[in-house]
Amino acid sequence: MIAPDIVATVTSVHESSCSFRRDGHRWNEVPGCQKYRAVEAVDRFPDSSAESSGADEIRTVIGAVIGVAISAITRPGPPEVAEHRAARQRAARTVHLTGPAELFGSTTPASGDQLILDLSAPGLTIAGSDEVPRRVVRGEAGLISVLRPAMHGLQAYADVAPGLPAQAVTDPMFVQFVVDAAEMPPSAD
């Protein structure tokens, strides 16, 4: 979402608190308990140690209400709106691919390389946009790594040199891939 820039002066600060009653291992809000108290400032992360006090009912800060006087609003112009739309459209075309190096070509790609990939290939895992077609598509490689075992059940991303023969890469490859806009199905917008 693209939003306007707002310049404002804080005119009032109120701390909002509420009471909670213990019910076994759960805390339930007491109906009608919310109170506001004028303060000079509020803590970003208020202390909630009252919960461990052993009491069956506590009052704790749950938020703040800030009053402001707006002095200026600058709405985004056409260039900012167009840039925002382009970023959203690019994000909808971006996927994270993991699979054997051979699925990404005969040699390991470099960031920025134009690739033609089969997004329906067996052994290829795709995470990200569901809008990307699962067929042969053209696009651009972004981040490129190999996945190596790090600790029991975990993997680490490691750099891989571009231009290596794909058969020499034994670890699965990770490629951030941006599908060309022309490859995408028509938008319903």
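We use all heavy atoms of the structure for the numbers below, so side chains are in, but hydrogens, waters and symmetry mates are not.
Using modelled atom types, one side-chain atom of R134 and one backbone atom of V132 make a donor-acceptor pair closer than 3.5 Å. For the pair T107 (side chain) and G163 (backbone), a donor-acceptor distance under 3.5 Å is absent.
The structure places OG1 of T108 at 6.0 Å from CE of M173, a figure rounded to the nearest 0.5 Å. Remark: S145 OG to Q155 CD distance equals 11.5 Å, nearest 0.5 Å. The line from CZ of F20 to OG1 of T60 is 7.0 Å long, rounded to the nearest 0.5 Å. With rounding to the nearest 0.5 Å, the separation of OG in S17 from CD1 in I58 is 11.0 Å. One finds the CZ atom of R21 at 4.5 Å from the CD atom of E57 (value rounded to the nearest 0.5 Å). Between the CD1 atom of I144 and the CZ atom of F104 there is a distance of 9.0 Å, given to the nearest 0.5 Å.
No single ILVMFWY cluster, assembled from side-chain heavy atoms under 4.5 Å apart, contains both L103 and V136.
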Hey, can you pull the donor-acceptor pairs under 3.5 Å for the side chains in residues 32-42, sequence neighbours left out?
unit_1 : atom_1 : unit_2 : atom_2 : d
Q34    : NE2    : S16    : OG     : 2.8
Q34    : NE2    : Y36    : OH     : 3.2
R37    : NH2    : E15    : OE1    : 2.8

Expected list for residues 112-125: side-chain donor-acceptor pairs under 3.5 angstrom, two or more places apart:
unit_1 : atom_1 : unit_2 : atom_2 : d
D113   : OD2    : A110   : N      : 2.8
D118   : OD1    : S120   : N      : 2.9
D118   : OD1    : S120   : OG     : 2.6

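Using a 4.5 Å heavy-atom threshold, the side chains of V137 and D180 count as separate. Residues P4 and P76 have side chains in contact (heavy-atom distance under 4.5 Å, counting atoms from C-beta outward). A heavy-atom distance below 4.5 Å is found between the side chains of R90 and V178. With contacts defined as side-chain heavy-atom distances shorter than 4.5 Å, the pair P100/P172 does not qualify.
Between P109 and P162, the shortest heavy-atom distance links the atoms O-CB, 3.8 Å. Of all the heavy atoms in A92 and S129, the pair that sits closest is O-OG, 2.6 Å. Residue E183 comes nearest to R135 through the heavy atom pair O-NH2, 2.6 Å, listed as atom of the first residue, atom of the second, then distance.
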I would like to know whether R93 and Q89 meet side-chain hydrogen bond (donor to acceptor under 3.5 Å, both in side chains); could you show each step before the answer? CA-CA 7 Å; R93 297 184 289 119; Q89 192 260 355; 3.1 Å; yes
Going through the checks in order, is the side-chain contact (heavy atoms from CB on, under 4.5 Å) test met by I126 and V95? CA-CA 7 Å; I126 302 173; V95 288; 3.9 Å; yes
Apply side-chain contact (heavy atoms from CB on, under 4.5 Å) to the pair V10 and I66, showing each step before the final yes or no. CA-CA 7 Å; V10 174; I66 311 296; 3.9 Å; yes
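Ring geometry for Y157 against F174 counts as perpendicular: the plane angle is over 60°, on a 0 to 90° scale with 30° as the lower cut.
With respect to the salt-bridge test (charged N to carboxylate O, under 4.0 angstrom), the residues R75 and E80 do not qualify.
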